[in-house]
Amino acid sequence: MDSKHSLKNPERNRIVSEAMEQIRAVMDSGPSLDNLEKGKALLIELAAREDLFNFEAFPLPDDDAMECSYLIHECDDGSYALYVNSGAPHQYYAPHDHGNAWAIIAGVNGRERHQLYLRKSDDPDDLLLVRKGEVVVAPGEAVTMQPDGIHEVNAMDDRPLLHLHLYAKNFVLQGYRWKYDFDSGAAERFHLDELGSITDAR
Ligand SMILES: [Fe+2]
């Protein structure tokens, strides 16, 4: 790969590390709604750096994949994992959780609709969901999810997306996730490795 187009960027790493230190200072005491709101404001601030986060630095899929994920930060223990996702205009994800990880997703480029759900009951055999609302993630906007949060994601506007995805722990540590069918109440477990590759861009 031409070094001019290297995925590594020490200056970006420095700025990301500084932002993540601030976010950790908030989120280390837990994913309360209040903490998630503060973390969200900080991630929106970082996402405003379009000079760092753009399709030149984080290319879209060159095949029919829905998105490319680039890891740009995580702690040594795999916590506080931050990814840049470059998503194709047809991106769609059925309702799913994140393996008990809280999440903050902030927009850099393009809009996507997040429909939010929770499981209807604590009974592990009851896989029905209840709708909890909807958030449009766009530049200057973000969505937060607590560890039991479930979302369904639709790209909007028929144009590509670039967003920052921050999770309490990286995709590997999230392990198996649940994917739901809202109407039937059916659900299946899946592992993120089945969704395609993740590029280390630190
Ligand atoms: Fe998700």
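Everything numeric here is computed off the predicted structure, so don't read it as measured data. In listed order, ligands and their atoms are each counted from 1.
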Can you see whether Asp34 engages Ser32 through a side-chain donor-acceptor pair at a distance of less than 3.5 angstrom? no

Take atom CZ of Arg119 as the centre, draw a 6.0 Å sphere, and report whether it contains more than 12 heavy atoms from other residues, nucleotides or ligands. yes

Without hydrogens or angle criteria, can the side chains of Tyr93 and Glu152 be said to hold a donor-acceptor pair below 3.5 Å? no

At a cut-off of 2.8 Å, what protein N/O/S atoms sit near the Fe ion (ligand 1)? His96 NE2, His98 NE2, His151 NE2

Please determine if Arg14 and Glu11 form a salt bridge, counting it only when a charged side-chain N lies under 4.0 Å from a carboxylate O. yes

Ala103: which residues meet the side chain to side chain contact (heavy atoms under 4.5 Å, CB included) condition with it, sequence neighbours left out? His98, Met145, Tyr167

Arg159 and Gly110: which non-hydrogen atoms are nearest, and at how many Å? NH2-N, 3.8 Å

